[in-house]
Amino acid sequence: MLIGSSNMDLGSGNIKEGRTEELMELLSPDFALINPKKIFGTKHLFQAATLSQKAHSGKYNFSRERSTEVLLYLTAQRQISKAIEIAGIDKTSKSVAWVSFSDLPQGLFELIEPEPSLLETDNFDYSDLEFKNSKKGKLSIDQIEKIIMTRTAALPVQSR
């Protein structure tokens, strides 16, 4: 557990050899598995999880499941398939981040070794952002974080 509260649990870890498909079987409406390279630090993951929770509580959600809603917010996408393509995991994944809106699935820690450093901003994959290489090099980590966090927060108000 990286961040835990009474209604949400976030974390990350390395998937044990040959256990990826078993891990994917734990996916549920209240448990999301995410490619940690698509998360710009723990603040980004926490913000996306919180916004997903609020969207479902306020009934302005895009997805029926909070686990999918997290992917939409993380990637600032409105299309579920695109969000899954960008930030989901697949059978070749070696590491994972998670958000749980209820109790953690039984057996999770038999399938992964917790590793909080996977969510450090150094590990972020910029390939899906629309930064020009010259622009990215001129921005500080704080400026990049503000851009990413703003995109995440702006999802519900973007025009359709």
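None of these values were measured; they are calculated from a predicted model.
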Problem - Spatial distance of atom CG (Leu33) from atom CG (Leu108) [nearest 0.5 Å] - result: 8.0 Å

Problem - CG-CD1 distance between Leu139 and Ile144, expressed to the nearest 0.5 angstrom - result: 5.0 Å

Exercise for the section: Working to the nearest 0.5 Å, report the span between CE of Met8 and CD of Gln53. Expected result: 6.5 Å

Problem - Closest non-hydrogen atom pair between Ala97 and Pro36, with its separation - result: N-CD, 3.9 Å

Completion exercise
Residues at least two apart in sequence or cross-chain that pass side-chain contact (heavy atoms from CB on, under 4.5 Å) with Glu22, listed by chain then number, are Arg19, Leu111

Handout entry: Side chain proximity check, Lys38 to Leu74, heavy atoms < 4.5 angstrom
Key = no

Completion exercise
Taken in chain and number order and not counting sequence neighbours, the residues that satisfy salt bridge (Lys or Arg N to Asp or Glu O under 4.0 Å) with Lys16 are Glu113

Practice task
Could you tell me which residues satisfy ring-ring contact (aromatic ring centres under 6.0 Å, His included) with Phe40, sequence neighbours excluded, listed by chain and number?
Solution key: Phe124

Problem - Partner set under salt bridge (Lys or Arg N to Asp or Glu O under 4.0 Å) for Lys37, not counting sequence neighbours - result: none

Exercise for the section: Check whether any side-chain heavy atom of Pro105 lies under 4.5 Å from a side-chain heavy atom of Trp98, and answer yes or no. Expected result: no

Exercise for the section: Could you list the residues that satisfy side chain to side chain donor-acceptor pair (under 3.5 Å) with Glu115, not counting sequence neighbours? Expected result: Ser117

Exercise for the section: Write down the atom of Leu119, the atom of Ile39, and the distance for their closest heavy-atom approach. Expected result: CD2-CD1, 3.8 Å

Problem - pair Phe31-Ser100: side-chain heavy atoms closer than 4.5 Å - result: yes

Practice task
Please collect all salt bridge (charged side-chain N to carboxylate O under 4.0 Å, His left out) contacts where either partner lies in residues 91-110, sequence neighbours excluded, each pair once.
Solution key: none

Practice task
Decide whether Val99 and Phe62 are clustered together by the hydrophobic rule: side chain heavy atoms of Ile, Leu, Val, Met, Phe, Trp, Tyr closer than 4.5 Å, transitively.
Solution key: yes

Handout entry: Those residues that, when tested against Ser93, pass side chain to side chain donor-acceptor pair (under 3.5 Å) (two or more places apart)
Key = none

Practice task
Identify the two heavy atoms, one from Ala49 and one from Phe101, that lie closest to each other, and give their separation to 0.1 Å.
Solution key: O-CE2, 3.6 Å

Problem - More than 12 heavy atoms from other groups under 6.0 Å of CD on Glu21 - result: no

Practice task
Only counting residues at least two apart or in another chain, list the ones meeting salt bridge (Lys or Arg N to Asp or Glu O under 4.0 Å) with Glu65.
Solution key: none

Completion exercise
Residues passing the salt bridge (Lys or Arg N to Asp or Glu O under 4.0 Å) test with Asp30, sequence neighbours excluded, are Arg66

Problem - Any Tyr73 side-chain heavy atom under 4.5 Å of Thr50 side chain - result: no

Practice task
Could I get the full list of side chain to side chain donor-acceptor pair (under 3.5 Å) partners for Glu145, not counting sequence neighbours?
Solution key: Lys43

Exercise for the section: Would you kindly confirm whether Leu27 and Phe109 end up in one hydrophobic cluster when ILVMFWY residues are joined by side chain heavy atoms under 4.5 Å apart? Expected result: yes

Exercise for the section: Considering non-hydrogen atoms only, spot the tightest contact between Ser63 and Thr68 and give its length. Expected result: OG-CB, 3.2 Å

Handout entry: Exercise: identify the closest heavy-atom pair between Ser95 and Asn14
Key = CB-OD1, 3.7 Å

Problem - side chain to side chain donor-acceptor pair (under 3.5 Å) involving Asp90 - partner list, sequence neighbours excluded - result: Thr92

Exercise for the section: Look at the side chain of Ser52 and the backbone N and O of Ala48, then say whether any donor-acceptor pair between them is shorter than 3.5 Å. Expected result: no

Handout entry: Connected via hydrophobic side-chain network under 4.5 Å: Met149 and Phe46
Key = no

Practice task
Kindly compute the distance separating CG (Leu23) from CD1 (Ile89), expressed to the nearest 0.5 Å.
Solution key: 5.0 Å

Distance-only donor-acceptor hits, side chain of residues 79-87, under 3.5 Å, sequence neighbours excluded:
none

Handout entry: Close side-chain approach of Leu10 to Thr42, heavy-atom, < 4.5 Å
Key = no

Problem - Atom pair OG (Ser67) and CG (Leu72), whose distance is rounded to the nearest 0.5 Å - result: 10.0 Å

Exercise for the section: Mind checking the CG-CG spacing from Leu155 to Leu51? Nearest 0.5 Å is all I need. Expected result: 8.5 Å

